[in-house]
Amino acid sequence: LVTDNPYRGFALVSQAFYPEPAPQPGIHSAASVSEKASIGAGTQICAGAVVADQVEIGDNCIIGPNAVIDHDVQIGDGSRIGAGAYLGYCHVGKLANIHPGVRIGTRGFGFAIDKSGPVDVPQLGRVIIGNGVEIGANSTIDRGMGPDTQVGDGTKIDNMVHIGHNVRIGKGCVLVAMTGIAGSTILEDYVVCAAQAGIAGHVHVGTGAQIAAKSGVLHDVPAGDKVGGVPAVPLTQWLRQTVWLNKKMKEKS
(Lines give C-alpha, C1' and ligand atoms only; values in the text may rest on other atoms or scores of the structure.)
Protein backbone atom coordinates (compact mmCIF):
# COMPACT_ATOMS: atom_id res chain seq x y z
CA LEU A 1 0.00 0.00 0.00
CA VAL A 2 1.51 3.30 -1.10
CA THR A 3 0.36 6.54 0.49
CA ASP A 4 1.66 10.03 1.24
CA ASN A 5 0.20 9.77 4.75
CA PRO A 6 1.02 6.34 6.21
CA TYR A 7 -0.66 6.87 9.57
CA ARG A 8 -3.93 7.95 7.96
CA GLY A 9 -3.68 5.02 5.56
CA PHE A 10 -3.17 2.66 8.49
CA ALA A 11 -6.27 4.11 10.17
CA LEU A 12 -8.42 3.59 7.08
CA VAL A 13 -7.19 0.02 6.54
CA SER A 14 -7.77 -0.78 10.21
CA GLN A 15 -11.33 0.57 9.99
CA ALA A 16 -11.94 -1.68 6.98
CA PHE A 17 -10.79 -4.79 8.85
CA TYR A 18 -12.33 -3.86 12.21
CA PRO A 19 -15.52 -1.87 11.56
CA GLU A 20 -17.78 -0.68 14.35
CA PRO A 21 -20.53 -3.22 15.12
CA ALA A 22 -23.65 -2.59 13.08
CA PRO A 23 -26.90 -1.80 14.90
CA GLN A 24 -29.14 -4.74 15.73
CA PRO A 25 -32.50 -3.11 14.94
CA GLY A 26 -35.15 -3.17 17.60
CA ILE A 27 -36.11 -2.01 21.07
CA HIS A 28 -35.00 -4.21 23.98
CA SER A 29 -37.79 -5.38 26.26
CA ALA A 30 -36.03 -3.75 29.23
CA ALA A 31 -35.88 -0.32 27.54
CA SER A 32 -38.43 2.43 28.22
CA VAL A 33 -39.41 4.27 25.05
CA SER A 34 -42.18 6.85 24.96
CA GLU A 35 -44.97 6.32 22.47
CA LYS A 36 -44.49 9.97 21.57
CA ALA A 37 -40.88 9.39 20.46
CA SER A 38 -39.88 8.88 16.82
CA ILE A 39 -37.39 6.04 16.22
CA GLY A 40 -35.80 5.66 12.78
CA ALA A 41 -35.44 2.51 10.73
CA GLY A 42 -32.63 0.15 11.70
CA THR A 43 -32.04 1.77 15.09
CA GLN A 44 -31.14 -0.27 18.16
CA ILE A 45 -32.35 0.67 21.66
CA CYS A 46 -30.48 -1.36 24.29
CA ALA A 47 -31.58 -2.65 27.70
CA GLY A 48 -32.27 -0.03 30.34
CA ALA A 49 -32.28 2.89 27.93
CA VAL A 50 -34.89 5.60 28.48
CA VAL A 51 -36.27 7.63 25.57
CA ALA A 52 -38.61 10.47 26.57
CA ASP A 53 -41.50 12.27 24.83
CA GLN A 54 -40.92 14.15 21.56
CA VAL A 55 -37.47 12.62 21.02
CA GLU A 56 -36.44 12.12 17.39
CA ILE A 57 -33.81 9.44 16.69
CA GLY A 58 -32.67 8.92 13.11
CA ASP A 59 -31.98 5.77 11.13
CA ASN A 60 -29.31 3.18 12.03
CA CYS A 61 -28.47 4.62 15.45
CA ILE A 62 -27.42 2.77 18.60
CA ILE A 63 -28.68 3.92 22.00
CA GLY A 64 -26.55 2.07 24.55
CA PRO A 65 -27.59 0.38 27.79
CA ASN A 66 -28.99 2.72 30.46
CA ALA A 67 -28.58 5.81 28.28
CA VAL A 68 -31.16 8.55 28.90
CA ILE A 69 -32.46 10.60 25.98
CA ASP A 70 -34.52 13.39 27.52
CA HIS A 71 -37.47 15.37 26.17
CA ASP A 72 -37.26 16.98 22.72
CA VAL A 73 -33.75 15.73 21.88
CA GLN A 74 -32.92 15.12 18.21
CA ILE A 75 -30.27 12.61 17.11
CA GLY A 76 -29.14 12.30 13.48
CA ASP A 77 -28.74 9.16 11.36
CA GLY A 78 -25.95 6.74 12.17
CA SER A 79 -25.11 8.17 15.58
CA ARG A 80 -24.00 6.08 18.55
CA ILE A 81 -24.83 6.92 22.15
CA GLY A 82 -22.77 5.04 24.74
CA ALA A 83 -23.90 3.27 27.88
CA GLY A 84 -25.07 5.50 30.69
CA ALA A 85 -24.93 8.72 28.69
CA TYR A 86 -27.42 11.54 29.28
CA LEU A 87 -28.66 13.83 26.51
CA GLY A 88 -31.01 16.71 27.19
CA TYR A 89 -31.84 20.02 25.50
CA CYS A 90 -29.70 19.14 22.50
CA HIS A 91 -29.65 18.50 18.78
CA VAL A 92 -27.03 15.94 17.69
CA GLY A 93 -26.05 15.67 14.03
CA LYS A 94 -25.37 12.62 11.90
CA LEU A 95 -22.67 10.02 12.59
CA ALA A 96 -21.91 11.29 16.09
CA ASN A 97 -19.98 9.00 18.42
CA ILE A 98 -20.88 9.79 22.02
CA HIS A 99 -19.04 7.58 24.49
CA PRO A 100 -20.27 6.11 27.79
CA GLY A 101 -21.00 8.48 30.65
CA VAL A 102 -21.17 11.66 28.55
CA ARG A 103 -23.45 14.44 29.81
CA ILE A 104 -24.87 16.82 27.20
CA GLY A 105 -27.31 19.59 28.05
CA THR A 106 -26.66 19.76 31.77
CA ARG A 107 -27.31 23.05 33.53
CA GLY A 108 -24.87 25.85 32.72
CA PHE A 109 -22.98 27.24 35.74
CA GLY A 110 -24.47 30.73 35.91
CA PHE A 111 -25.19 32.87 38.97
CA ALA A 112 -25.91 36.46 39.92
CA ILE A 113 -23.78 37.10 42.99
CA ASP A 114 -24.24 39.74 45.68
CA LYS A 115 -24.01 39.97 49.48
CA SER A 116 -27.03 37.70 49.88
CA GLY A 117 -25.24 34.90 48.03
CA PRO A 118 -25.40 33.40 44.55
CA VAL A 119 -28.75 33.38 42.75
CA ASP A 120 -29.29 30.86 39.95
CA VAL A 121 -29.65 32.32 36.47
CA PRO A 122 -31.98 30.07 34.41
CA GLN A 123 -30.21 28.27 31.59
CA LEU A 124 -32.66 28.21 28.68
CA GLY A 125 -30.53 27.43 25.61
CA ARG A 126 -29.61 24.16 23.94
CA VAL A 127 -26.49 22.29 22.82
CA ILE A 128 -26.05 21.96 19.05
CA ILE A 129 -23.67 19.15 18.02
CA GLY A 130 -22.59 18.99 14.37
CA ASN A 131 -22.08 15.98 12.11
CA GLY A 132 -19.31 13.45 12.75
CA VAL A 133 -18.48 14.75 16.23
CA GLU A 134 -16.86 12.43 18.77
CA ILE A 135 -17.25 13.05 22.51
CA GLY A 136 -15.14 10.98 24.89
CA ALA A 137 -16.22 9.20 28.05
CA ASN A 138 -17.43 11.27 31.02
CA SER A 139 -17.17 14.59 29.20
CA THR A 140 -19.76 17.29 29.93
CA ILE A 141 -21.22 19.97 27.67
CA ASP A 142 -23.49 22.52 29.37
CA ARG A 143 -26.57 23.93 27.70
CA GLY A 144 -26.51 27.62 26.84
CA MET A 145 -27.93 30.34 29.04
CA GLY A 146 -29.86 31.87 26.15
CA PRO A 147 -27.73 31.44 23.05
CA ASP A 148 -26.92 27.80 22.33
CA THR A 149 -23.68 26.02 23.13
CA GLN A 150 -22.28 24.78 19.79
CA VAL A 151 -19.79 22.13 18.63
CA GLY A 152 -18.89 22.14 14.92
CA ASP A 153 -18.69 19.30 12.41
CA GLY A 154 -15.89 16.77 12.81
CA THR A 155 -14.63 18.02 16.16
CA LYS A 156 -12.98 15.40 18.38
CA ILE A 157 -13.38 15.66 22.14
CA ASP A 158 -11.38 13.37 24.43
CA ASN A 159 -12.42 11.91 27.79
CA MET A 160 -13.22 14.11 30.81
CA VAL A 161 -13.47 17.42 28.95
CA HIS A 162 -15.74 20.19 30.23
CA ILE A 163 -17.36 22.75 27.91
CA GLY A 164 -19.25 25.57 29.61
CA HIS A 165 -22.45 27.35 28.63
CA ASN A 166 -22.63 29.47 25.45
CA VAL A 167 -19.25 28.17 24.21
CA ARG A 168 -18.94 28.03 20.42
CA ILE A 169 -16.47 25.50 18.97
CA GLY A 170 -15.79 25.41 15.24
CA LYS A 171 -15.26 22.47 12.92
CA GLY A 172 -12.35 20.04 13.08
CA CYS A 173 -11.15 21.05 16.55
CA VAL A 174 -9.33 18.62 18.86
CA LEU A 175 -9.77 18.89 22.64
CA VAL A 176 -7.53 16.49 24.56
CA ALA A 177 -8.35 14.97 27.96
CA MET A 178 -9.28 17.21 30.90
CA THR A 179 -9.45 20.39 28.85
CA GLY A 180 -11.79 22.96 30.39
CA ILE A 181 -13.45 25.80 28.49
CA ALA A 182 -15.32 28.46 30.45
CA GLY A 183 -18.56 30.09 29.37
CA SER A 184 -19.04 32.19 26.24
CA THR A 185 -15.58 31.42 24.84
CA ILE A 186 -15.21 30.98 21.07
CA LEU A 187 -12.87 28.49 19.39
CA GLU A 188 -12.73 28.92 15.65
CA ASP A 189 -12.02 26.03 13.26
CA TYR A 190 -9.17 23.51 13.70
CA VAL A 191 -8.06 24.65 17.16
CA VAL A 192 -6.06 22.11 19.19
CA CYS A 193 -6.11 22.11 23.00
CA ALA A 194 -3.64 19.68 24.57
CA ALA A 195 -4.32 17.82 27.82
CA GLN A 196 -5.47 19.86 30.84
CA ALA A 197 -5.54 23.15 28.95
CA GLY A 198 -7.81 25.70 30.60
CA ILE A 199 -9.45 28.61 28.78
CA ALA A 200 -11.09 31.48 30.66
CA GLY A 201 -14.54 32.79 29.80
CA HIS A 202 -15.27 35.23 26.95
CA VAL A 203 -11.95 34.46 25.22
CA HIS A 204 -11.62 34.23 21.41
CA VAL A 205 -9.21 31.62 20.00
CA GLY A 206 -8.50 32.00 16.27
CA THR A 207 -8.50 29.39 13.52
CA GLY A 208 -5.70 26.82 13.72
CA ALA A 209 -4.35 28.01 17.07
CA GLN A 210 -2.62 25.44 19.29
CA ILE A 211 -2.62 25.47 23.09
CA ALA A 212 0.02 23.44 24.95
CA ALA A 213 -0.76 21.01 27.76
CA LYS A 214 -1.58 22.49 31.18
CA SER A 215 -1.73 26.01 29.77
CA GLY A 216 -4.00 28.69 31.21
CA VAL A 217 -5.40 30.96 28.49
CA LEU A 218 -6.65 34.28 29.88
CA HIS A 219 -6.64 36.41 26.73
CA ASP A 220 -7.50 36.09 23.04
CA VAL A 221 -5.22 33.92 20.88
CA PRO A 222 -4.74 35.01 17.25
CA ALA A 223 -5.28 32.57 14.39
CA GLY A 224 -2.40 30.15 13.88
CA ASP A 225 -0.58 31.06 17.09
CA LYS A 226 0.93 28.50 19.46
CA VAL A 227 0.80 29.31 23.16
CA GLY A 228 1.84 27.70 26.42
CA GLY A 229 2.30 28.35 30.12
CA VAL A 230 0.26 29.96 32.89
CA PRO A 231 -0.75 32.55 31.92
CA ALA A 232 -0.35 31.42 28.32
CA VAL A 233 2.16 33.32 26.18
CA PRO A 234 3.61 32.61 22.71
CA LEU A 235 5.16 29.14 22.76
CA THR A 236 8.73 30.26 22.00
CA GLN A 237 8.54 32.80 24.85
CA TRP A 238 7.24 30.16 27.25
CA LEU A 239 10.08 27.79 26.31
CA ARG A 240 12.67 30.56 26.87
CA GLN A 241 11.10 31.37 30.25
CA THR A 242 11.27 27.71 31.25
CA VAL A 243 14.95 27.42 30.29
CA TRP A 244 15.78 30.65 32.16
CA LEU A 245 13.96 29.54 35.32
CA ASN A 246 15.68 26.15 35.29
CA LYS A 247 19.03 27.89 34.89
CA LYS A 248 18.34 30.20 37.85
CA MET A 249 17.20 27.28 40.00
CA LYS A 250 20.43 25.42 39.28
CA GLU A 251 22.47 28.52 40.11
CA LYS A 252 20.75 28.87 43.49
CA SER A 253 21.27 25.20 44.31
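- For the atom pair Gln241 CD and Asn246 CG, the distance stands at 12.0 Å (nearest 0.5 Å).
- Side chain of Thr185 to main chain of His202: a donor-acceptor pair is present (N/O by atom type, distance under 3.5 Å, no hydrogens or angles).
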request  = Check the pair Asp153, Val133 against side chain to side chain contact (heavy atoms under 4.5 Å, CB included), reporting the backbone distance first and the verdict last.
outcome  = CA-CA 6 Å; Asp153 293 348; Val133 172; 5.6 Å; no
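- In the hydrophobic clustering of ILVMFWY residues, with side-chain heavy atoms under 4.5 Å counting as a link, Tyr18 and Val13 come out together.
- At a threshold of 4.5 Å between side-chain heavy atoms, the hydrophobic network of Ile, Leu, Val, Met, Phe, Trp and Tyr places Ile141 and Met178 in two separate groups.
- Enclosure of atom CZ in Arg143 by more than 12 non-hydrogen atoms of other residues, nucleotides or ligands within 6.0 angstrom is indicated.
- Atom-to-atom distance recorded for Ile57:CD1 and Asp59:CG is 11.0 Å, nearest 0.5 angstrom.
- Annotation for Ala37 and Ala52: closest pair CB-O, 3.6 Å, computed over non-hydrogen atoms.
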request  = Start with the C-alpha distance between Arg103 and Asp142, add both sets of side-chain angles, then the distance that settles salt bridge (charged side-chain N to carboxylate O under 4.0 Å, His left out), and finish with yes or no.
outcome  = CA-CA 8 Å; Arg103 301 291 185 260; Asp142 292 342; over 6 Å; no
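- Remark: side-chain polar atoms of Ser38 are not paired, donor with acceptor, to backbone N or O of Glu56 under 3.5 angstrom.
- Atom NZ of Lys214 has 12 or fewer neighbouring heavy atoms from other residues, nucleotides or ligands inside a 6.0 Å radius.
- Note: the hydrophobic cluster containing Ile98 does not contain Val68 (ILVMFWY, side chain heavy atoms under 4.5 Å, direct or indirect links).
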query = Can you check side chain to side chain contact (heavy atoms under 4.5 Å, CB included) on Val167 and Ile199, steps first, answer last?
reply = CA-CA 11 Å; Val167 168; Ile199 306 178; over 6 Å; no
task = Decide yes or no on side chain to side chain contact (heavy atoms under 4.5 Å, CB included) for Ser34 and Val51, but give the supporting numbers first.
result = CA-CA 6 Å; Ser34 169; Val51 179; 5.8 Å; no
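- In this pair, Phe10 and Tyr7 present their aromatic rings parallel. The plane angle is below 30°, not in the 30 to 60° band.
- At distances below 3.5 Å, at least one donor-acceptor pair connects side-chain atoms of Ser215 with backbone N or O atoms of Gly229.
- Closest approach of Tyr190 to Thr207, counting heavy atoms only: CD1-CG2, 4.4 Å.
- Asn60 places no side-chain N or O within donor-acceptor distance of the main-chain N or O of Gly78, the cut-off being under 3.5 Å.
- Of the possible donor and acceptor atoms, none in the side chain of Glu188 sits under 3.5 Å from a partner among the backbone N and O of Gly206.
- No side-chain N or O of Lys36 forms a donor-acceptor pair with one of Gln54 less than 3.5 Å apart.
- Ile157 and Leu95 fall into different hydrophobic clusters, defined by Ile, Leu, Val, Met, Phe, Trp and Tyr side-chain heavy atoms under 4.5 Å apart, directly or through other members.
- In this structure, Asp158 contributes its side chain and Leu175 its backbone to no donor-acceptor pair below 3.5 Å.
- Without hydrogens or angle criteria, Asn166 side chain to Met145 main chain gives a donor-acceptor distance under 3.5 Å.
- A donor-acceptor pair is defined here as one N or O able to donate and one able to accept, closer than 3.5 Å; such a pair exists between the side chain of Thr155 and the backbone of Gly170.
- Residues Ser79 and Lys94 come closest through the heavy atom pair OG-C, 3.7 Å.
- Checked by atom type, the side-chain pair Asn5/Thr3 shows no donor-acceptor distance below 3.5 Å.
- The neighbour count for Leu1 CG, taken as heavy atoms of other residues, nucleotides or ligands under 6.0 Å away, does not exceed 12.
- Checking side-chain atoms of Thr43 against main-chain N and O of Gly26 turns up no donor-acceptor pair under 3.5 Å.
- To the nearest 0.5 Å, the span separating CZ on Arg168 from CD1 on Ile186 amounts to 3.5 Å.
- Annotation: side chain of Ile81 is in contact with side chain of Ile69 (closest heavy-atom distance under 4.5 Å).
- Stacking of Arg126 on the aromatic ring of Tyr89 is not recorded, the 6.0 Å distance cut-off and the 45° axial limit not both being met.
- Distance check, rounded to the nearest 0.5 Å: CD1 of Ile39 to SG of Cys61 gives 9.0 Å.
- No path of Ile, Leu, Val, Met, Phe, Trp and Tyr side chains, each step under 4.5 Å between heavy atoms, connects Leu87 with Ile62, placing them in separate hydrophobic clusters.
- Side-chain contact between Ile169 and Ile181 is present, with heavy atoms from C-beta onward closer than 4.5 Å.
- Within the 4.5 Å cutoff, no side-chain heavy atoms of Leu187 are placed close to those of Val203.
- When all heavy atoms are compared, the tightest approach of Pro65 to Cys46 is N-CB, 3.5 Å.
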message = Is there a side-chain hydrogen bond (donor to acceptor under 3.5 Å, both in side chains) between Asp148 and His91? Walk through the geometry before answering.
response = CA-CA 10 Å; Asp148 298 326; His91 181 180; over 6 Å; no
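- Side-chain atoms of Ile129 and Ile135, non-hydrogen and from C-beta on, do get closer than 4.5 Å to each other.
- Under the 4.5 Å side-chain criterion, counting only non-hydrogen atoms from C-beta, Val221 is in contact with Val205.
- Defined by atom type and a distance below 3.5 Å, a donor-acceptor pair is missing between the side-chain atoms of His28 and Gln44.
- Side-chain contact between Pro100 and Val102: absent, with no pair of heavy atoms (C-beta onward) separated by less than 4.5 Å.
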task = Check step by step if side chain to side chain contact (heavy atoms under 4.5 Å, CB included) holds for Gln210 and Val191.
result = CA-CA 6 Å; Gln210 298 182 15; Val191 171; over 6 Å; no
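- Between Asp70 and Tyr86 the shortest side-chain heavy-atom distance falls below 4.5 Å.
- A 4.5 Å side-chain heavy-atom check between Asn97 and His99 finds at least one atom pair inside the cut-off.
- Taking all atoms of both residues into account, the shortest heavy-atom contact from Ala194 to Val176 is C-CB, 3.8 Å.
- In this structure a side-chain-to-backbone donor-acceptor pair under 3.5 Å is missing from Asp120 to Phe111.
- Considering every non-hydrogen atom in both Ala182 and Ala200, the closest pair reads CB-C, 3.6 Å.
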